[in-house]
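For reference, the structure is listed below as structure tokens.
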Amino acid sequence: MGLDISVKELDIWVDSLLATVAIYDPLWDQEIELAWRNVLALGIEIMKENSCN
């Protein structure tokens, strides 16, 4: 796959995505954040395994 992105950049992307969702979702709480992180985890892990780091 060979992604031209670093592990650090992927972590920043996830944090930025969730920060944006938190701003616009009036129901946002820690439980919803955990659900988002759980859903994203497998895809992000695959991307990290194929990152440039």
Side-chain angles (χ1 to χ4, degrees):
M1 188 183 303
L3 300 176
D4 188 22
I5 188 167
S6 71
V7 169
K8 182 178 179 179
E9 290 169 323
L10 286 165
D11 289 337
I12 291 168
W13 180 83
V14 169
D15 291 342
S16 297
L17 173 65
L18 297 183
T20 301
V21 175
I23 291 169
Y24 292 101
D25 182 355
L27 301 177
W28 184 262
D29 61 15
Q30 289 180 337
E31 185 177 345
I32 292 173
E33 179 179 1
L34 182 59
W36 271 85
R37 289 189 183 277
N38 287 337
V39 167
L40 293 171
L42 178 58
I44 294 298
E45 186 59 35
I46 291 168
M47 293 171 72
K48 285 180 176 182
E49 289 171 2
N50 291 283
S51 70
C52 61
N53 288 31

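Values in this document were obtained by computation on a predicted structure and should not be read as measured data.
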Checklist entry - Is the closest side-chain heavy-atom distance between E49 and L3 below 4.5 Å? => result no

Checklist entry - Just how far is it from atom CD of E9 to atom SG of C52, taken to the nearest 0.5 Å? => result 6.5 Å

Next on the checklist: Within this structure, what is the CD1-OG distance for the pair I46 and S51, rounded to the nearest 0.5 Å?
Outcome noted: 13.0 Å

Next on the checklist: Please report the interatomic distance OG1(T20) to CG(D25), rounded to the nearest 0.5 Å.
Outcome noted: 12.0 Å

Checklist entry - So with a 6.0 Å cut-off around CD of Q30, is the heavy-atom count from everything else above 12? => result no

Checklist entry - Within a radius of less than 6.0 Å around CG of N38, do more than 12 heavy atoms belonging to other residues, nucleotides or ligands occur? => result yes

Item to check | I5 side chain near W13 side chain, heavy-atom distance below 4.5 Å | outcome: no

Checklist entry - Is L27 linked to V21 within one hydrophobic cluster, defined over Ile, Leu, Val, Met, Phe, Trp and Tyr using a side-chain heavy-atom separation of less than 4.5 Å? => result yes

Checklist outcome for this item: Output for pair (L10 CG, K48 NZ), nearest 0.5 Å, gives 6.5 Å

Item to check | I23 and W28, any side-chain heavy atoms less than 4.5 Å apart | outcome: no

Item to check | Linked, directly or transitively: V14 and I12 (ILVMFWY side chains, under 4.5 Å) | outcome: no

Checklist entry - Shared ILVMFWY cluster between V7 and L40, side chains joined below 4.5 angstrom? => result no

Next on the checklist: What's the separation between atom CD1 in I32 and atom CZ in R37, rounded to the nearest 0.5 Å?
Outcome noted: 13.5 Å

